[in-house]
Amino acid sequence: GEGVGRGVLVVGKDEADVGAVADPHPVGRRQGGEAGRGHDGGVGALQRLQQEGYILDSPALQQSRPTVAPLTREDARELFSIVAEIDQDMVGRGGLEDLPEGGPAYLEVIGAWRLSTQFGDMLTAANAKLPAPFALNLTYDQPGHPLQYYCRADHYSYARWGIPSVALSRGEHLDYHQVTDEPQYIDYDALARVTSLVYLFAAEVANADMRPALNGPRPDPSAPCRQ
């Protein structure tokens, strides 16, 4: 069977609302080996996925996304060793002063159930373990939503290859991508709760006997994304 024991679980972050201070690079974790290096010592499949994320975040740049190059055998082995990906983007704000529906329990979830119902249910199980669970907002994950977050979020670099992936966010705010986006505006209690959720969710995935089952065949990575 496909056990999780020697797979890769990618936990990525874009920004925690600290302006240019934030490190936008996801981190790969592999049990028993180094993640992200190709067989020739160059850029491996995991690093290519991370780089694609910068294109997906901009509707203008989506049109310039390169076509999918054929995978080498080593790239394919590395790529499909990735069990799942958990992305966090703008998880440091989300209060009522930032958006009308905001508050301590507010959390946007995009993509969790799209490829694997089991993966999404693991998120639900992890959330239920929190002393104060989040109210998961699936509005921006709805098919056809005009903001196209499913196709724009960094997690889609993994989802397009059939890797169960999710984007977690506490929502946009007026300081988004502005020089006024400074650390003193972060809700550190809420940020810590998101971190706890990601830890519990990652543990659910990593400690499972099998990788999350896909709902159907892997998608064509060259096909246009559909919100």
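Heavy atoms only: backbone and side chains are in, while hydrogens, waters and symmetry mates are out.
- Under the 4.5 Å side-chain contact rule for hydrophobic residues, L168 and Y188 share a cluster.
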Apply ring-ring contact (aromatic ring centres under 6.0 Å, His included) to residues H155 and Y150 and explain how you reach the verdict.
CA-CA 8 Å; H155 80 290; Y150 179 76; 5.1 Å; yes
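- With values rounded to the nearest 0.5 angstrom, L138 atom CG is found 11.5 Å from H145 atom NE2.
- Between F201 and F119, the ring centre distance stays below 6.0 Å.
- Cluster membership for W161 and L214, using ILVMFWY side-chain heavy atoms within less than 4.5 angstrom, is not shared.
- Judged by the 6.0 Å and 45° rule, R193 forms a cation-pi pair with F134.
- Considering CG of D181 and OH of Y185, their distance stands at 9.5 Å, rounded to 0.5 Å.
- Ion pairing between a basic and an acidic side chain is recognised when a charged N comes within 4.0 Å of a carboxylate O; R93 and D187 show no such pairing.
- A side-chain donor from one of Y106 and N137 sits under 3.5 Å from a side-chain acceptor of the other.
- Taking OG of S116 as the reference point, atom CD1 of I163 lies at 12.5 Å (rounded to 0.5 Å).
- Between D98 and R170 there is no salt bridge, since none of the side-chain N atoms of the basic residue sits less than 4.0 Å from a carboxylate O of the acidic one.
- Of the inter-residue distances, the one linking R211 atom CZ with S81 atom OG reads 7.5 Å to the nearest 0.5 angstrom.
- Grouping the Ile, Leu, Val, Met, Phe, Trp and Tyr side chains by contacts below 4.5 angstrom, directly or via other members, places V205 with L197.
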Carefully, step by step, assess Y199 and E204 under the rule side chain to side chain donor-acceptor pair (under 3.5 Å).
CA-CA 9 Å; Y199 172 81; E204 288 275 344; over 6 Å; no
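- Heavy-atom minimum distance, P133 versus A105: O-CB, 4.2 Å.
- The shortest heavy-atom contact between V11 and Q88 is CG1-NE2, 3.6 Å.
- Distance check, rounded to the nearest 0.5 Å: CE of M90 to CG of L191 gives 13.5 Å.
- M122 approaches A208 most closely through the heavy-atom pair CE-CB, 3.8 Å.
- Judged purely by atom type and a 3.5 angstrom limit, Q227 uses its side chain to pair as donor or acceptor with the backbone of Y140.
- The backbone N or O of A153 lies less than 3.5 Å from no partner atom in the side chain of D87, so there is not a single donor-acceptor pair.
- Judged by distance alone, with hydrogens and angles left aside, the side-chain atoms of S165 form no donor-acceptor pair with the main-chain N or O of Y156 at under 3.5 Å.
- Formation of a donor-acceptor pair under 3.5 Å by the S169 side chain with backbone atoms of E108 is not found in this model.
- Separation of atoms CG (L123) and CG (L200) is listed at 10.5 Å; rounding is to 0.5 Å.
- Under a hydrophobic-cluster definition in which Ile, Leu, Val, Met, Phe, Trp and Tyr are linked whenever side-chain heavy atoms come within less than 4.5 Å, directly or via other members, V83 and I86 are assigned to the same cluster.
- Remark: D121 engages no residue in a salt bridge (charged side-chain N to carboxylate O under 4.0 Å, His left out) (not counting sequence neighbours).
- Annotation: L130, atom CG; neighbour count of heavy atoms from other residues, nucleotides and ligands within 6.0 Å is above 12.
- With a 4.5 Å cut-off on side-chain heavy atoms, W113 and T124 count as touching.
- Here the side chains of N127 and L136 are in contact, with some heavy-atom distance below 4.5 Å.
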